[in-house]
Amino acid sequence: GSSSSSRSNKSKGSISSSNDGGSGNNSGGITSSSNSGGRNSSGSSNDDDLDRKISYDKSQLRYYIEPETPDDVCMDLREGYKDLIQKDESKKDLLDDMLRWISCHRSLFSLSIPSSKSSDSDKQHCRTSQEKLNTDFISWRGCLTRLMCTPYENRDGWLLAVTRFNDTFFLCEFNTEEKIELEANCTDRQREMCYWGVKFEQYLTSATKESKPDTTGVVNNCEAFCSVVRTRLKSHSLVFAGEVDCICPQQKEYIELKTSREIYNKSQDDNFKRFKLIKWWGQSFLIGVPTIVCGFRDDDGIVHRLQKYHINMLPNLAKDLPNSWYPKVCINFLDQFLNFIKETVKDNDHRSVHLFSREPKKYNNIRYQYLGKDSEYNFIPDCDHYRHRL
Ligand code: A3P
Ligand code: MG
Ligand code: MG
């Protein structure tokens, strides 16, 4: 893979397991650690049969380039909308890219240090003996963010499929009926506003440290850089991946980019702190991104103001609201819910799906259902290529 701006509509991306920027130590209770030491393990030969182009390196990592006059900006986010290269949203991502990453980095999960003198028969043995991943949970970061914010979410529900295989719990989020309906009824204006967030990234990033952002190029929302982290949450070991927008070359820290409507009054300010900051915090805290740069835009899609937030400060900004949100509550909820999964999902079978769901507009109402072995929520591919490596 490369970072060329090919007009192919296939998703492209790179996944890196190093964390030069995303040290979780900056972000609080969860410590993320690099799990590959920056080695570039190649797994591309396994990917011939798959539609998505992935490279296991930093080729898609973007660099944060601060504007020359950060206090005086005018960024038109509407520009270029008609040329957008749109990701095919009808194709659900499931957990496939994570499973591919795992299958290409299987040795990183081993507790024993691989011996360079091991014989071919040893290697054969390693591959077929179903050695465990030594990891409790595998998922996308977005799924964990959603779970973690549950105690304060009073609008959206969620749907989570869980499969236990070889003593690792694989978590895969599915769209709720409400979400499917919302997407089906998405207006042109809403679609364009989704573009604004991606266009903003173009204004502040470039493909190399040395170059300036090129805002004349086509915006391609198929491309992404993801970081994979191994971390612990209390008694649980986790490996998850999430998209990282860019890295600041000076500080060597990841930066998350966001857009938000300019705040004109107190009620907008309260909503911003109550509903938006918690999601921003959860998303960046989990993967260890210390800084968020927000572009505040008007209703015509023009950003006039940039604001930098350290994610440790986000809970403080919200703490004076009545019934505010607290990181501890979020983390404890996630911990307890992962405990609940461990207590509930006992069968080790890659076809077995256990469905956990939380109904929209209802607090503390989580349903559990065993779906059996042939459900529409099955997400671990039924092919030996993956399973012998999971
Ligand atoms: P904003 O959230 O800044 O508006 P992220 O912030 O997670 O890096 O996502 C980048 C942009 O992708 C978002 O910008 C938004 O425009 C778009 N986006 C992210 N998640 C989305 C979703 N679930 N539906 C529609 N657009 C989304
Ligand atoms: Mg992003
Ligand atoms: Mg972003």
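From a predicted model like this one, the values you see are computed outputs, not experimental measurements. Order of appearance sets the numbers: ligands from 1, and atoms from 1 within every ligand. All residue numbers refer to positions in the sequence shown, counting from 1.
- Between Arg261 and Asp299 a salt bridge is recorded (basic side-chain N to carboxylate O distance below 4.0 Å).
- Every protein residue with a heavy atom nearer than 4.0 Å to ligand 1 is included here: Cys194, Gly197, Val198, Glu201, Asp245, Glu256, Leu257, Lys258, Thr259, Gln283.
- In this structure, Phe337 and Phe333 have parallel ring planes: the angle between them is below the 30° cut-off, well short of the 60° mark.
- In this structure, Tyr309 has its ring center at least 6.0 angstrom away from the ring center of Trp281.
- Looking only at protein N/O/S atoms, the ones less than 2.8 Å from the Mg ion (ligand 2) make 1 in total.
- Between Phe174 and Tyr377, the ring-plane angle classifies as perpendicular under the 30° and 60° cut-offs.
- Under a 4.0 Å N-O distance rule, the pair Asp96/Arg100 does not qualify as a salt bridge.
- Between Lys53 and Glu223 there is no salt bridge, since none of the side-chain N atoms of the basic residue sits less than 4.0 Å from a carboxylate O of the acidic one.
- Here Glu79 does not pair with Lys199 in a salt bridge; the nearest charged N to carboxylate O distance is not below 4.0 Å.
- Salt bridge present: Glu173 and Arg146 bring a charged side-chain N and a carboxylate O closer than 4.0 Å.
- Between Arg164 and Asp167 there is a salt bridge, since at least one side-chain N of the basic residue sits less than 4.0 Å from a carboxylate O of the acidic one.
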